[in-house]
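Whatever order the structure lists ligands and atoms in, that order sets their numbers, starting from 1. We count residues from 1, following the sequence as given.
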Amino acid sequence: MKKNIIRILALTIILAVTVTACTKPEDGITDIHEDDGLIVVGFSQVGSESSWRVAHSESIKDSLSEENGYRLIFDDAKQKQENQYKAIRRFIQQGVDYIVLAPITETGWDDVIREARYAGIPVIIVDRQVSVDDKNIYNSWVGSDFMAEGTRAMEWLEQELCDQQREEEEIRILHLQGTPGATAQLMRTGELEKAVEAHENWTLVGTLEGEYTEAKSYELTKEFLTKDTDIDVVYCENDNMAFGVMRALDDFSIPYGSKNGGVIIISFDAVKSALEACYEGKIDLCVECNPLHGPLVDNIIKQLNSGQYPAKMKYIQESLFSYREITREIIDARKY
Ligand code: AHR
């Protein structure tokens with residue numbers, strides 16, 4: 001009996017290895033190692049859900065370009081973790097030199113990253129973090145301090161309500177939440193919830209899962225407003241969700257932006273169009289989330305390539321812009 005179980009297990013493992021080895025790469029790239037000295041990088045990107053994400057992809061593509069010594073294999077996972085698994089396994093099969101992963105959520109990465117590790121391929125995590133049992137299975141992480149972003153937003157709101165002499169008023173907050181389980185969501189939501197806890201007069205009137213997209217946020221906010229329009233603040237976990245909220249508020253002729261005596265809108269990312277909206281007084285606060293990871297990833301790869309040990313964690317520099325201080329120069333300087 002015991003022998004049979006061992007035999008079945010062995011057969012299953014052999015079959016699994018054979019199936020993996022025989023799977024044809026979907027991107028059709030079989031021979032990635034031409035004799036041209038380029039460093040081959042497989043990049044598994046979350047998707048293209050937001051303007052931030054598009055800028056992020058561009059930054060990686062610009063830095064890991066052929067002129068800069070790279071062959072980049074880019075994979076868009078369309079917001080699905082199983083697509084990221086497939087992409088990473090394909091990169092392993094193709095024998096890339098490095099894998100760069102922008103994980104959709106924090107969990108579920110132990111096996112696939114370990115597989116890359118066993119194949120001897122260094123893994124660099126960008127943007128959101130991964131929660132794995134053994135942090136040694138990946139080399140470095142580069143991204144935002146999402147918790148600090150949330151803290152900054154809440155400190156600003158507290159001060160702004162004081163400046164508006166509304167610190168004693170009941171403040172009703174609507175929350176547009178990003179992809180559940182993504183570091184950006186966990187941290188930004190966490191800071192909001194802590195602040196609501198700490199202020200007796202602040203109430204969370206609803207949390208809507210806007211998936212970081214304008215379309216979903218528009219749809220959900222509209223639905224919400226049919227039942228409740230008594231809102232003082234909307235906390236949007238990215239700019240595209242803020243754009244969706246603004247469209248929904250327009251539909252209900254609800255004014256927004258403190259300059260207009262309307263609902264206070266707080267947003268994360270600070271892409272150019274959001275900064276424009278801030279300048280026009282439609283968004284009150286843009287908390288910056290910097291997508292320009294490309295040069296940092298390039299630097300990490302160059303360090304690894306020359307046998308150095310890059311820092312395990314690297315936070316990118318970020319700021320915030322409110323309707324009170326935003327200037328034309330800030331907007332003009334924004335490239336994305
Ligand atoms: O993980 C970063 C977040 O993901 C950005 O705030 C958002 O726009 C993106 O989709």
Novice: Only heavy atoms of Arg53, strictly under 4.0 Å: list the atoms of ligand 1 that pass.
Specialist: 1 (O), 4 (O), 9 (C), 10 (O)
Novice: Where is the nearest protein heavy atom to atom 2 (C) of ligand 1: which residue, which atom, and how far?
Specialist: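 The closest heavy atom on the protein side is Asp127 OD1, 3.3 Å.
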Novice: What atoms in ligand 1 come closer than 4.0 Å to a heavy atom of Ala184?
Specialist: 1 (O)
Novice: Quick test of your reading of the model: are Glu219 and Lys216 salt-bridged, counting only N-O distances below 4.0 Å?
Specialist: yes
Novice: Is there a heavy atom of Arg188 sitting under 4.0 angstrom from any atom of ligand 1?
Specialist: yes
Novice: So is there a nitrogen or oxygen of Trp52 less than 3.5 Å from a nitrogen or oxygen in ligand 1?
Specialist: no
Novice: Run through Ile60, Val297, Val41 and flag the one making a side-chain contact (heavy atoms from CB on, under 4.5 Å) with Tyr70.
Specialist: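 Of Ile60, Val297, Val41, side-chain contact (heavy atoms from CB on, under 4.5 Å) with Tyr70 is met by Val41 alone.
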Novice: Can an N or O of Tyr212 be found at a distance shorter than 3.5 Å from an N or O of ligand 1?
Specialist: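 No, no N or O pair falls under 3.5 Å.
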Novice: Can you tell me which residue and heavy atom of the protein come closest to atom 10 (O) of ligand 1, and the distance to 0.1 Å?
Specialist: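 Ranked first by proximity to atom 10 (O) of ligand 1 is Glu49 OE2, 2.5 Å.
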Novice: Pairs under 3.5 angstrom only: tabulate donor-acceptor contacts from the side chains of residues 263-275 to other protein residues two or more places apart or in another chain.
Specialist:
{"residue": "Ser267", "atom": "OG", "partner": "Asn238", "partner atom": "O", "Å": "3.3"}
{"residue": "Ser267", "atom": "OG", "partner": "Asp239", "partner atom": "N", "Å": "3.3"}
{"residue": "Ser267", "atom": "OG", "partner": "Asp239", "partner atom": "OD1", "Å": "2.5"}
{"residue": "Lys272", "atom": "NZ", "partner": "Ile331", "partner atom": "O", "Å": "3.0"}
{"residue": "Lys272", "atom": "NZ", "partner": "Arg334", "partner atom": "O", "Å": "2.9"}

Novice: Could you walk me through whether Gln177 and Thr189 satisfy the side chain to side chain donor-acceptor pair (under 3.5 Å) test, starting with their C-alpha distance in whole Å, then the side-chain angles of each, then the deciding distance to 0.1 Å, before giving a yes or no?
Specialist: CA-CA 7 Å; Gln177 193 175 57; Thr189 297; 3.2 Å; yes
Novice: Considering non-hydrogen atoms of the protein only, which is the closest contact for atom 4 (O) of ligand 1, and what is the distance?
Specialist: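 Heavy-atom neighbour on the protein nearest atom 4 (O) of ligand 1: Arg128 NH2, 2.9 Å.
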Novice: Are Lys312 and Tyr138 in a cation-pi setup, meaning NZ or CZ lies under 6.0 angstrom from the ring centre and within 45 degrees of the ring axis?
Specialist: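 Here Lys312 passes the 6.0 Å and 45° test against Tyr138.
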Novice: Just checking Gln165: does its CD atom have more than 12 heavy atoms from other residues, nucleotides or ligands closer to it than 6.0 angstrom?
Specialist: no
Novice: For Ser50, take its heavy atoms, then give the atoms of ligand 1 lying under 4.0 Å from any of them.
Specialist: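 Counting from 1, the qualifying ligand atoms are 7 (C), 8 (O), 9 (C), 10 (O).
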Novice: Please identify which of these residues, Arg53, Lys78, Gln81, meets the side-chain contact (heavy atoms from CB on, under 4.5 Å) condition with Val46.
Specialist: Arg53
Novice: Who's the nearest protein heavy-atom neighbour of atom 6 (O) of ligand 1, and how far?
Specialist: Asp269 OD1, 2.6 Å
